[in-house]
Amino acid sequence: MKRTFFILCLSWLSISCFAQQFTCDKISETIAQWNRVMQNHPSDVAWAKSIVDSAAYRINEKGEIEYEFVIKSSDTLDIAKIKDVTLDFLQYYFKFTPTVRANVVQGSTEKSIFFQGHYQNLAYQQVMLSTYFFDADIIFDFKFKDDRVKMKVNVPYLTYHIGNQLFNYSLTRLDPFMHYKNFSKNDRDVHAKAMINVLAKTMSYPSYYLTWLNEHYAPKNTDSEEDW
């Protein structure tokens with residue numbers, strides 16, 4: 001047991017001393033705020049109302065969902081490498097092809113990456129033989145500097161599919177204080193679920209990205225046989 005504990009200590013010290021670390025207190029704070037809001041609500045509508053009153057409800061001046069974070073690195077970044085790791089992250093979560101990846105690279109700049117993903121099904125309800133559902137695009141904007149990454153995720157609007165008809169809703173259009181009083185119970189429920197899910201998904205990607213960087217961005221190897 002003592003020997004195992006000693007090995008674990010050595011492993012932890014090695015990681016602490018030599019691994020490049022990525023940190024962002026604001027991401028942790030945002031997730032913690034969300035976790036506090038999600039506790040003990042009798043319905044999705046009540047949960048949605050709590051969200052609107054909380055710091056987890058992030059919209060910009062255009063009424064779009066927008067989360068922005070600066071992730072700090074403990075060491076100087078290799079820009080080519082951080083871009084490649086970021087593309088790996090996007091490809092893993094959005095399952096796109098090498099051709100799409102090449103187009104993302106082509107549409108980005110030397111120190112930034114832009115990518116538009118898609119949420120397939122944020123909430124739905126059955127009406128007779130039809131399925132009414134929400135989906136949305138999500139836009140990623142990464143900017144890289146020598147010791148940090150700025151990550152912005154943005155959802156301009158949600159699209160509500162009713163049969164062959166499409167309706168674009170801003171997040172404020174899903175605001176339960178503003179609009180739910182005129183809805184049927186089923187409409188209130190599906191709008192509340194759409195609000196909850198789009199916010200939860202959008203704020204989760206920065207957290208996933210921070211974890212991805214710490215797991216996949218290998219530190220520079222500066223050791224050699226001559227300087228041991």
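Excluded from the calculations below are hydrogen atoms, water molecules and symmetry mates; all remaining heavy atoms, backbone and side chain alike, are included.
- Hydrophobic clustering (side-chain heavy atoms under 4.5 Å, transitive across Ile, Leu, Val, Met, Phe, Trp, Tyr) groups I113 together with V100.
- Counting heavy atoms of neighbouring residues, nucleotides and ligands inside a 6.0 Å radius, atom NZ of K95 exceeds 12 of them.
- When the side chains of ILVMFWY residues are joined at heavy-atom separations under 4.5 Å, either directly or via intervening members, Y119 and L199 end up in a single hydrophobic cluster.
- A continuous path of hydrophobic side-chain contacts links L77 to V85 [ILVMFWY only; heavy atoms under 4.5 Å].
- Placement of Y208 and F142 within a single hydrophobic cluster is found when ILVMFWY residues are connected by side-chain heavy-atom separations under 4.5 Å, directly or transitively.
- For the pair D135 and L158, the minimum side-chain heavy-atom distance is 4.5 Å or more.
- When every heavy atom of Q20 is checked against every heavy atom of N214, the shortest pair comes out as O-OD1, 4.1 Å.
- Pairing each heavy atom of S50 with each of H41, the nearest pair is OG-CE1, 2.8 Å.
- Under the 4.5 Å side-chain heavy-atom criterion for grouping Ile, Leu, Val, Met, Phe, Trp and Tyr, F115 is not connected to Y157 through any hydrophobic cluster.
- Considering every non-hydrogen atom in both E66 and N60, the closest pair reads OE1-ND2, 3.2 Å.
- In this structure, F134 has its ring center no closer than 6.0 Å to that of Y124.
- Aromatic ring pairs are classed by plane angle as parallel below 30°, tilted from 30° to 60° and perpendicular above 60°; the pair F140 and F89 is perpendicular.
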